[in-house]
Amino acid sequence: MGDSHQPPRLSVHRALGGGFVADLLLWKNWTGGATLLAGATALWFVFERAGYNVLSFAANVLLLLFAILFLWAKSASLLNRPLPPLPDLKVSEESVVEIADVMQEWVNYTLSIACDITVGRNLKLFLQVSLGLWLISYIGSLFNFITLVYIGVILSLTVPLLYDKYQEIIDEKWCRAHKAIQVLLMRIDNSVLKKIPLAS
């Protein structure tokens, strides 16, 4: 017998920030979603199937851009036309400080986990980190970086949309799986991990 009351429905749009990115990932902005999907597919095809190199592609795109801007500026001065409109190409100090603050938080969090594993001798955290790193290494050995990025784009364009559509079913299945995993972890913890002697 299930619960008589349903938990409130989570707004996926609000959870994704509620702005342009949420509209894009939930396909409320069809042109943006289709453009992102087509662009990611084209880049994946160029790099993965056509065998193009990322460095040579970036260099060729920049070369083409500079050539167009140079010819535009030269023809504008000869024909008395306006110069090409270029934005102010500077990085603000505030954005650099924000990026540095975010990186500092990530580095400090990673170092605290490393300290907890080594100095605190947290066996459970060590096993979790080891399993996570092994899983990342295994997945990385199956695909190259461009394919992983492409899979990430495809998943980001499908998973939020499917969760928004079938939220109740997914939450029910997820709760069952979570309970089964918790029971399994308790068994492993009681039968294996608690029997391992730790040095004081």
Side-chain angles (χ1 to χ4, degrees), residues 12-13 15-79 81-111 113-114 128-166 170:
V12 178
H13 190 267
L16 291 172
F20 176 74
V21 174
D23 291 341
L24 193 71
L25 295 179
L26 292 174
W27 289 83
K28 293 182 191 273
N29 179 359
W30 275 92
T31 56
T35 303
L36 178 62
L37 181 62
T41 303
L43 284 176
W44 177 79
F45 182 79
V46 164
F47 292 133
E48 186 64 24
R49 293 290 164 216
Y52 218 82
N53 190 334
V54 176
L55 186 61
S56 61
F57 178 78
N60 287 337
V61 167
L62 286 175
L63 177 64
L64 181 64
L65 178 67
F66 286 137
I68 290 171
L69 290 175
F70 178 77
L71 293 174
W72 188 351
K74 283 297 181 185
S75 64
S77 65
L78 290 174
L79 301 172
R81 299 275 187 200
L83 289 173
L86 285 176
D88 189 18
L89 301 174
K90 289 183 181 175
V91 177
S92 67
E93 187 175 340
E94 293 84 22
S95 62
V96 172
V97 169
E98 283 181 28
I99 292 171
D101 287 342
V102 170
M103 288 186 67
Q104 180 187 13
E105 287 179 22
W106 278 93
V107 168
N108 285 340
Y109 178 69
T110 305
L111 291 176
I113 289 176
Q128 288 173 349
V129 169
S130 298
L131 181 66
L133 290 175
W134 176 81
L135 193 62
I136 290 171
S137 171
Y138 181 73
I139 292 171
S141 68
L142 297 176
F143 307 104
N144 63 14
F145 183 70
I146 298 296
T147 304
L148 279 175
V149 170
Y150 181 63
I151 290 170
V153 169
I154 297 297
L155 288 176
S156 68
L157 287 173
T158 55
V159 170
L161 180 67
L162 291 174
Y163 182 72
D164 190 43
K165 204 170 194 176
Y166 304 107
I170 293 171

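Position 1 is the first residue of the sequence; numbering continues from there.
Once rounded to the nearest 0.5 Å, the distance linking CD1 of I146 with CH2 of W44 reads 11.5 Å. In this structure, CZ in F66 is found 11.5 Å from CD1 in I68, a value given to the nearest 0.5 Å. To the nearest 0.5 angstrom, N60 atom CG is 12.5 Å from L65 atom CG. Rounding to the nearest 0.5 Å gives a distance of 11.0 Å between CG of L155 and OH of Y150. Note that CG of N108 is 8.5 Å distant from CD of E105, once rounded to the nearest 0.5 Å. The CG atom of L25 sits 9.5 Å away from the CZ atom of F20 when rounded to the nearest 0.5 Å.
With sequence neighbours left out, L36 forms a side-chain contact (heavy atoms from CB on, under 4.5 Å) with L24, V153, L157. By the ring pair (Phe, Tyr, Trp, His ring centres under 6.0 Å) test, Y138 is found to be paired with W134, residues two or more places apart in sequence or in another chain being considered. In this structure, N53 has no side chain to side chain donor-acceptor pair (under 3.5 Å) partners at least two apart in sequence or on a different chain. S156 pairs by the side chain to side chain donor-acceptor pair (under 3.5 Å) definition with nothing, not counting sequence neighbours. Applying the side-chain contact (heavy atoms from CB on, under 4.5 Å) rule to T31 yields the partners N29; only residues at least two apart in sequence or on another chain are considered. Y163 pairs by the ring pair (Phe, Tyr, Trp, His ring centres under 6.0 Å) definition with nothing, not counting sequence neighbours. With sequence neighbours excluded, no residue forms a side chain to side chain donor-acceptor pair (under 3.5 Å) with S137. The side-chain contact (heavy atoms from CB on, under 4.5 Å) test applied to K28 returns H13, D23, L26, not counting sequence neighbours. Applying the side chain to side chain donor-acceptor pair (under 3.5 Å) test to S56 and every residue at least two apart in sequence or in another chain returns nothing. Remark: W30 engages W27 in a ring pair (Phe, Tyr, Trp, His ring centres under 6.0 Å) (not counting sequence neighbours). Here V46 pairs with Y52, F57 under the side-chain contact (heavy atoms from CB on, under 4.5 Å) rule; sequence neighbours left out.
Considering all non-hydrogen atoms of both residues, L162 and I170 come closest at O-CD1, 4.0 Å.
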*For L135 and L131, run side-chain contact (heavy atoms from CB on, under 4.5 Å): C-alpha distance rounded to whole Å, both residues' side-chain angles, the deciding distance at 0.1 Å, then the answer.*
CA-CA 6 Å; L135 193 62; L131 181 66; 5.6 Å; no
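For the salt bridge (Lys or Arg N to Asp or Glu O under 4.0 Å) condition, the pairs that include at least one residue of residues 142-164, sequence neighbours left out, are R9-D164.
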